[in-house]
There are 2 protein chains.
Amino acid sequence: MAGRDRTSKTAESTDKVSVICRALRRAIIEQALEPGAKLPEDSLGERFGVSRTIARHALGQLAAEGLVELRRNRIAVVATPSWQEARDAFDIRIELERLVVRQLAGKLTKPQIAELTAHVDAEDRARDGADAVSIRLATEFHILLAHMTSSPILVRYVSEVAYRCCLTLSLYSRPHSSECAINEHRAIIAALVKGDVAKAMELMHHHLDSVATRALVAPSPQRGRDLLDILAPYADEASGEKVVKLPKAARR
Amino acid sequence: MAGRDRTSKTAESTDKVSVICRALRRAIIEQALEPGAKLPEDSLGERFGVSRTIARHALGQLAAEGLVELRRNRIAVVATPSWQEARDAFDIRIELERLVVRQLAGKLTKPQIAELTAHVDAEDRARDGADAVSIRLATEFHILLAHMTSSPILVRYVSEVAYRCCLTLSLYSRPHSSECAINEHRAIIAALVKGDVAKAMELMHHHLDSVATRALVAPSPQRGRDLLDILAPYADEASGEKVVKLPKAARR
DNA sequence: ACCGCCCGAATTGCATGCAGTTCTAGCTGT
DNA sequence: ACAGCTAGAACTGCATGCAATTCGGGCGGT
């Protein structure tokens with residue numbers, strides 16, 4: 001892994017803050033924290049053994065990345081992107097990752113190739129395991145690729161948008177997600193190694209596009225937008241039974 | 001203005017924090033704050049009439065956007081992107097803004113067209129004024145365009161990367177910057193109105209590329225570069241280590 | 001003069017405290 | 001029983017205080 005630099009890359013890593021950021025990011029993309037989940041500063045602080053100040057700062061960072069929604073005087077929640085936002089995120093991601101493979105084609109070093117194939121092997125191995133893990137690994141493959149451009153900016157944007165896509169996947173996709181995706185990863189590596197720029201870009205484009213269209217199913221009759229629409233079908237049941245609250249108090 | 005969204009999107013606007021962010025952003029892109037300028041928390045807090053906590057939070061946000069560099073236990077400074085980072089930023093920007101015009105071509109409403117032309121007129125008027133102002137206006141034209149996609153994510157990324165480019169312009173460009181750029185803006189609007197997607201994308205691409213190549217002059221020589229960066233490669237020898245790091249240099 | 005060394009000032013890292021806002025649950029009136 | 005109301009809990013917004021670290025300049029050695 002490349003987490004060993006003296007100057008930790010992107011933006012800032014005030015240590016405690018960035019530790020919390022990483023933990024939350026991971027929890028979010030592994031769907032341990034679902035979209036809409038509440039993130040009170042105190043609870044976070046308590047969990048991570050820091051004060052609210054730090055937890056707050058971390059939330060601010062994650063909000064800047066679009067993973068968390070921050071409304072004034074309200075509890076922060078895991079972001080709940082609209083369907084349209086999800087589609088936009090994928091569109092952006094496609095362009096960014098085309099750029100990645102364009103820069104990378106034919107320029108991978110041997111150790112890099114080894115690292116990539118090792119990662120894909122890991123993806124294969126995790127296939128039977130938890131769904132969340134395989135999603136995370138699939139995402140990390142793309143981020144790993146971005147890292148190899150050694151362009152900090154590109155890394156940052158690809159990471160961010162990939163995480164966002166991950167988030168939307170947990171909202172709009174069906175259970176099964178990345179079956180043949182792993183093979184597509186291999187195909188991309190092959191094209192990169194061969195130095196076939198056009199092919200690599202096309203493969204990446206198709207790969208992401210297929211993931212997007214497979215995941216983001218219906219544009220819906222009327223622009224499936226807010227969670228109000230999503231909750232509509234459940235409204236009937238809800239009227240008959242109490243709304244289940246999060247066991248937040250159960251913590252202590 | 002085009003304040004169409006109910007909630008002022010983009011990450012968070014905790015008021016005080018975002019006010020400071022906006023102020024600093026503007027100061028940075030207008031070059032009132034040059035790259036490398038120190039930004040002590042207390043001073044900021046005093047200037048804006050808030051506590052360090054808030055100033056700190058603002059710096060965190062700006063760092064997340066890449067406008068500020070935050071090193072642990074050290075005074076925050078305005079970011080000083082390397083030449084390569086500048087070039088990378090422009091590459092990303094090109095792809096993002098191509099996406100913008102692709103989405104916008106033929107879909108502009110009359111008031112939007114009016115707003116755009118009004119903005120370009122303002123650019124024209126500011127031509128004789130301060131250089132900083134015309135740079136800011138030029139940048140804001142692109143952001144305005146992004147806004148019209150009404151895709152919050154796209155807005156965010158285009159804004160960020162445009163600001164970063166602005167920043168690099170102040171580092172590596174010569175005094176005169178955007179002469180015919182204004183006409184190029186007009187041409188882009190025309191293509192968008194006509195609905196000529198390919199033309200608009202091509203114009204935008206060329207526009208940004210020419211700005212980049214005109215601005216980012218020297219591929220190798222060190223202009224505003226840090227002495228430390230320049231000496232970095234020699235440091236390895238000095239420390240007694242072997243010089244075995246080819247991959248880094250291989251990138252460019 | 002030039003180098004490293006050391007100590008005080010400046011500055012950050014973080015926790016805590018208080019005030020203001022929102023949320024929740026219990027209570028009252030009809 | 002139920003809608004509306006209200007008080008208290010929960011939570012955020014922000015400032016301040018203290019410990020740890022870095023910065024900057026004077027001092028002695030060579």
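Proteins come first, then strands; the chains are lettered A, B, ... in the order of their sequence lines, and each starts at number 1. FYI, side chains are in, hydrogens and waters are out, and symmetry mates aren't considered; it's all heavy atoms of this structure.
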- Between A/Phe141 and A/His119, what is the ring plane arrangement, given parallel below 30°, perpendicular above 60°, and tilted in between? tilted
- Item | Distance (rounded to the nearest 0.5 Å) between B/Ser18 OG and B/His57 NE2 | 10.0 Å
- Task: In whole angstrom, give the distance that lies between atom CZ of A/Arg71 and atom P of C/dT21.
- Result: 17 Å
- Side-chain contact check for B/Arg72: nearest option of C/dC14, C/dT12, D/dC14 is C/dC14
- Message: Would you say B/Arg56 places a side-chain N or O within less than 4.0 Å of OP1 or OP2 belonging to C/dG13?
- Response: yes
- Note on the structure: Correct closest heavy-atom pair for A/Gln61 and B/Ala64 would be OE1-CB, 3.6 Å
- Considering heavy-atom distances to DNA chain C, does B/Asp42 or B/Thr53 have its closest nucleotide positioned more toward the 5' end? B/Asp42
- Could you please name the option among C/dT11, C/dA15, D/dA15 that lies closest to any side-chain atom of B/Ser51? D/dA15
- State which residue, out of A/Arg156, A/Arg25, A/Arg22, fulfils the salt bridge (charged side-chain N to carboxylate O under 4.0 Å, His left out) condition with A/Glu65. A/Arg25
- Can you tell me how far P of D/dT22 sits from NZ of B/Lys38, to the nearest Å? 15 Å
- Length of the line joining B/His57:NE2 and D/dT12:P, which is rounded to integer Å: 12 Å
- Item | base_contact_polar (D/dG17 base, B/Arg52 side chain, donor-acceptor, <3.5 Å) | yes
- Over how many whole Å does the gap from B/Leu44 atom CG to C/dT12 atom C1' extend? 13 Å
- Given D/dT22, D/dT12, D/dA15, the nucleotide with the shortest approach to the side chain of A/Pro40: D/dT12
- Query: How close or far is atom P of D/dT12 from atom CG of A/Asn73, stated in whole angstroms?
  - Reply: 9 Å
- Item | B/Leu70 CG to D/dT22 P, straight-line distance once rounded to whole Å | 15 Å
- What's the CD1-C1' distance between A/Ile54 and D/dC14, to the nearest Å? 15 Å
- Task: Take atom CD of A/Glu41 and atom C1' of D/dC11, then tell me their distance rounded to the nearest Å.
- Result: 8 Å
- Supply the atom-to-atom distance B/Ile75 CD1 to B/Leu59 CG, rounded to the nearest 0.5 angstrom. 11.0 Å
- Report yes if at least one side-chain N or O of B/Arg74 is closer than 4.0 Å to OP1 or OP2 of D/dT21; otherwise report no. no
